[in-house]
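Taking it in order: structure first as structure tokens, then the write-up.
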Amino acid sequence: MYLPEPHSSLCRSSLALAIYHIQDRRISSQLNAAQRSSSQHQRMTSQSSGVYANWPLGQIPVELFVSIAQFLGSREDVQTMRLVNREFYSKLAGYYFRNLVVHLGPELIPTTLDTGLPLQVESPVLDVTNAADSLADSTFIFRTFGPEIRRFGLALELNESDLATPNVPDFENLETRPWGMYRWPSPLCVAQSLTDKITQSLEGSEGIFRILSHLSGVQELALSCEGGLGYLQGPDINPLSPSRRTAIFGDPNIVRDDGNTPNPPLDFDVSYKYEMLTRRMHSAGVDHDQIPAAIDTIMSTEHITREQLDHEDRPRCPPPGTVLLRTVPTTCKTCNSRSRTLRLQPDMLTESQKRFLLLHMSAQQALIQSYVLGILDNGSSFMNLTKLKISRLPSFHIELLCRADFWANLPRLEDVLLAIVPDWRTVASVESYAVDERQVYPTDAMPKVFRLLNDHIGQQKQIKRLHFEWLCGGELAPGQLQRNNHILPAPFLKEHRKIKDSRVENLLILPFIAHLSLKNCWFTPNVFFRIIRKMAEESLESLELETVSLSGSPCKNRQTENRQVMLQDDVIVGPAAVQGAETSLTALQAEMEALDQAASAEISTDFHSYNVRLPEPRTLSWAHIIDMLTPGDTIREQIHEQGRDEDDPPLRLKKQLKLRVLDFKSCGYVSVPDYRFISEDPLDTLEQPRRRIIKGSKVGCIEWFMQASNDRHLARVINHIKRGEEYLLGAVFGFKTGWRGVYARPVIKAAIHDGIPHPGRGRFSGRIEHHWEPTPVERYSGVFYEEEDGENVQLVENYDTSVFDRDYDDNDGLDELLRELESVTSEARHGDIPNRSGWMNETGLLTVNDILNWP
């Protein structure tokens, strides 16, 4: 195909004609909308006819159409551009539909199509909840444009605002009699929710199968499910965090630059039961003005008060290993007052919310099964598929992907992205009208992910790139109580509770992965070193770590008492927070801007400008491990260079690993509640910076509604690093600490709003690459010469981690630790917070997360 030069006359004329047509379409639509005079319309039509007569039909390549669409940028402009003529319509189809996501929204009517990218406008609606108009009957878009789609995704999402006011089947009817109206239980067969409809549509139709059968040109498939079984943010809202749906394709860490866009409300003046009763009366034909009187009549007939009508039981989830539901009172007047208006209380769900979760789980399961079976039945359609993206998936559904035939049916798959939401609770139907709820350890998701990676993904020789992350807590999680907390270990352990067991039979080794990317997880240092070194000996060439942390060094023997020092997140709650006073974001803006400027003003030290003797790295610290894995210069070589005489040959370390790239982004250390086998040496002799909670946040009351876990392996970020190690990382590897230049300003601003005064403090970022073509200076230094006799050549250190595996029994002292954690959690839930020396902050207040890590 002939492609004109960018500055040729044909290219310029074609571009001018195209833009003229777009403007012409806009003008024509505006004239029609405004109902202008017929003479003006005829004049505009004649102009259009003259242009169409001169249109170079079939002479302009599709690449130029795409360039014009990219120049316009806006999706609405591209829609207008496709209306110019048939050639525009057909040649822009590939660009318009290159990214497509089918959303089965939380209310399930309607289902929408969009690009899956942030800040995109939704496409026309496609209803799949009606049996007469199912997915099987609505695939005309995919029949027409399926070969043009390059990235396709399916999404079933549950927003917390939908969980706050759940749409569930009614188990009671309103009966009208001459003497009045009353409530009566309804048969179960009559009650059918929208979730039931979508589940039946997915299970009883071939819609998903037919859609997937038309995607002959797709290169990337995505799946996103948000189930509500993970950590719920509830009232702990950050105004800068997005309330819109998460991007399926593109950067998921998008935050707003201001807090002007409101988040969905969670507090209501009217109770949920009163609102549902009002809706049923309205559906029954009762006039709006007569509804309050009709409700008063029902209360009088049933001899109940308004408080009894509004009441919903909210027992707390029983902790793992117990069977008793907990109803924990609070002595805080503010908490008692807000509990009447706050519909979504993450640790205390109502029966309706539990039933809604159960129904939504069934719909998710039907979607995932249809997705998997559709790929199995249409294997020939995915010969161009190279990337599979599981952008959000509850750990409850991981087993559905553990199928050997599913992964074997994707022969050209090279890249897999896996983002898992660990479950904090589980729900199950025990009776016709009852739902059982249990709390589970978030780290119980680790064996499920291990099985998926080890038995299926890791066995596919064609898969060379793997990304994994936990969608729970961490440095980028929004909310004052979630940010920097609730970090799970990486799922690279077969026996996930044996957190320091570095024997090869207990580790996940992926022999075919060349590029490994990890995000938001932590390792014990001996396990991390053993895994990465073993993989680098086989095939690993590139390692990318974002917000990945190490714990303290493992202990050879169990510690009999907790040496944990005061952590970094002492919460300072102002008087306004204690009294529950509201402070708007506008009032806090000046204070937050000052904190933002202070954080952004941090300048990393130029370590190379100092002539300081390099210290030896602490054993199994980040500096020590990187020194043993790096493909570039090492600390040992630099120390030897500083101390050698002119006559001594330079030290050269022989690197036997295949690693060529090490990329770090906001990595550092975490503190782990399990003090039995993990030392606190990263914290020794450190003066921890305080965490500041902005006044008016009411965190003291918010935490009473939030989920808390006594999982001993949920870690929290340490925003500090020893000065000597920071110097080593900067002087030898060129790393810098802080978030300046690492994350965008809105991301930093959102962290400051959550009470982190200096985001990224104690966290380092940088990149190490292997020198493929050494410079003459490097060759002259002798580092890149072939080995010669008499040179000082040594092997890179291979630290023996087996010393920590001997006589290791994870049950040693376990009961004592669990009793302590459960006791502290129970005391905190009852409002009886122990006054431990060294743990009270300036106002005498603590958070639940502080309590969970107390010594």
Side-chain angles (χ1 to χ4, degrees), residues 97-104 113-118 120 142 146 149-157 208 211-212 215-227 230 242 244-254 364 367-376 378-379 381-395 397-398 400-403 406-407 409-422 445 448-449 452-453 456-458 460 462-472 476 491 510 513-521 542 544 546:
F97 290 104
R98 70 193 189 283
N99 301 323
L100 193 63
V101 175
V102 178
H103 285 276
L104 286 76
L113 305 177
D114 67 23
T115 64
L117 296 169
Q120 292 289 339
F142 302 94
I149 298 175
R150 295 296 176 263
R151 297 199 291 182
F152 175 76
L154 288 172
L156 177 57
E157 299 167 335
I208 297 295
I211 287 177
L212 295 177
L215 304 178
S216 58
V218 70
Q219 298 174 356
E220 179 177 351
L221 278 179
L223 177 66
S224 177
C225 291
E226 297 187 66
R244 55 184 178 269
R245 64 166 57 121
T246 306
I248 307 301
F249 302 116
D251 185 6
N253 298 324
I254 300 296
Q364 287 179 1
L367 173 65
I368 298 172
Q369 288 177 336
S370 300
Y371 186 84
V372 172
L373 295 178
I375 292 178
L376 289 175
N378 299 280
S381 299
F382 303 108
M383 298 308 296
N384 296 320
L385 181 67
T386 59
K387 184 175 182 179
L388 179 64
K389 183 176 184 180
I390 310 297
S391 57
R392 299 184 73 89
L393 183 70
S395 59
H397 298 301
I398 291 179
L400 298 177
L401 298 180
C402 294
R403 296 187 52 154
F406 170 76
W407 297 100
N409 214 36
L410 303 173
R412 299 189 61 185
L413 184 64
E414 299 176 356
D415 193 349
V416 175
L417 184 147
L418 192 61
I420 300 298
V421 182
K448 301 177 182 179
V449 180
L452 176 62
L453 294 176
H456 301 282
I457 297 178
Q460 308 302 315
Q462 77 277 11
I463 297 179
K464 301 300 181 182
R465 301 175 63 90
L466 173 65
H467 172 87
F468 175 82
E469 64 178 287
W470 292 116
L471 298 179
C472 174
L476 301 177
L510 303 170
I513 298 298
H515 175 83
L516 177 64
S517 174
L518 300 174
K519 182 177 179 181
N520 192 32
C521 57
S542 175
E544 182 179 346
E546 182 177 2

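Every value quoted in this text rests on a predicted model; they were computed, and no experiment measured them.
Ser216 has its side chain out of reach of Met383: every pair of non-hydrogen atoms, C-beta onward, lies at least 4.5 Å apart. Residues Leu221 and Ile375 meet the side-chain proximity criterion, which asks for heavy atoms closer than 4.5 Å.
From Thr386, atom OG1 reaches atom CD1 of Ile463 across 11.5 Å, with rounding to the nearest 0.5 Å. To the nearest 0.5 Å, atom CG of residue Leu100 and atom CZ of residue Arg151 are 11.5 Å apart. The structure places CZ of Arg392 at 12.0 Å from CG of Leu223, a figure rounded to the nearest 0.5 Å. Here the straight-line distance linking atom NZ of Lys464 with atom CG of Leu413 works out to 12.0 Å at 0.5 Å rounding. To the nearest 0.5 angstrom, Ile457 atom CD1 is 8.0 Å from Leu401 atom CG. Asn99 CG to Phe152 CZ: the interatomic distance, rounded to the nearest 0.5 Å, is 12.0 Å.
Across all their heavy atoms, His456 and Trp407 have their closest contact at CB-CD1, 3.6 Å. The two residues Ser391 and Leu471 come nearest to each other via the heavy atoms O-CD1, 3.6 Å. Among all heavy-atom pairs drawn from Tyr371 and Leu388, the shortest one is OH-CD1, 3.6 Å. Smallest separation of non-hydrogen atoms from Ser224 and Glu157: OG-OE2, 4.5 Å. Closest non-hydrogen pair, Asn520 versus Cys472, comes out as ND2-O, 3.1 Å. The shortest non-hydrogen separation linking Ala445 to Ser395 is CB-CB, 3.4 Å.
At distances below 3.5 Å, at least one donor-acceptor pair connects side-chain atoms of Gln364 with backbone N or O atoms of Glu226. Under the 3.5 Å distance criterion, the side-chain polar atoms of Glu546 are left unmatched by any main-chain donor or acceptor of Glu469. Distance alone, capped at 3.5 Å, places no donor-acceptor pair between the Lys389 side chain and the Glu220 backbone.
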Problem - Criterion side chain to side chain contact (heavy atoms under 4.5 Å, CB included) on Leu452 and Val449, from CA distance to verdict - result: CA-CA 5 Å; Leu452 176 62; Val449 180; 5.5 Å; no
Problem - side chain to side chain contact (heavy atoms under 4.5 Å, CB included) assessment of Leu393 paired with Ile368 - result: CA-CA 10 Å; Leu393 183 70; Ile368 298 172; 3.6 Å; yes
Practice task
Would you please test Leu476 and Lys519 for side chain to side chain contact (heavy atoms under 4.5 Å, CB included) and show each step?
Solution key: CA-CA 10 Å; Leu476 301 177; Lys519 182 177 179 181; 4.0 Å; yes
Problem - Trace of the side chain to side chain contact (heavy atoms under 4.5 Å, CB included) decision for Leu466 with Leu453 - result: CA-CA 10 Å; Leu466 173 65; Leu453 294 176; 4.0 Å; yes
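Evaluation of the salt bridge (charged side-chain N to carboxylate O under 4.0 Å, His left out) rule for Arg465 yields Asp415 as partners, not counting sequence neighbours. Every residue was checked against the salt bridge (charged side-chain N to carboxylate O under 4.0 Å, His left out) condition with Arg412, not counting sequence neighbours, and none meets it.
If you run side-chain contact (heavy atoms from CB on, under 4.5 Å) between Phe468 and each of Leu417, Ile420, Val416, only Ile420 comes through.
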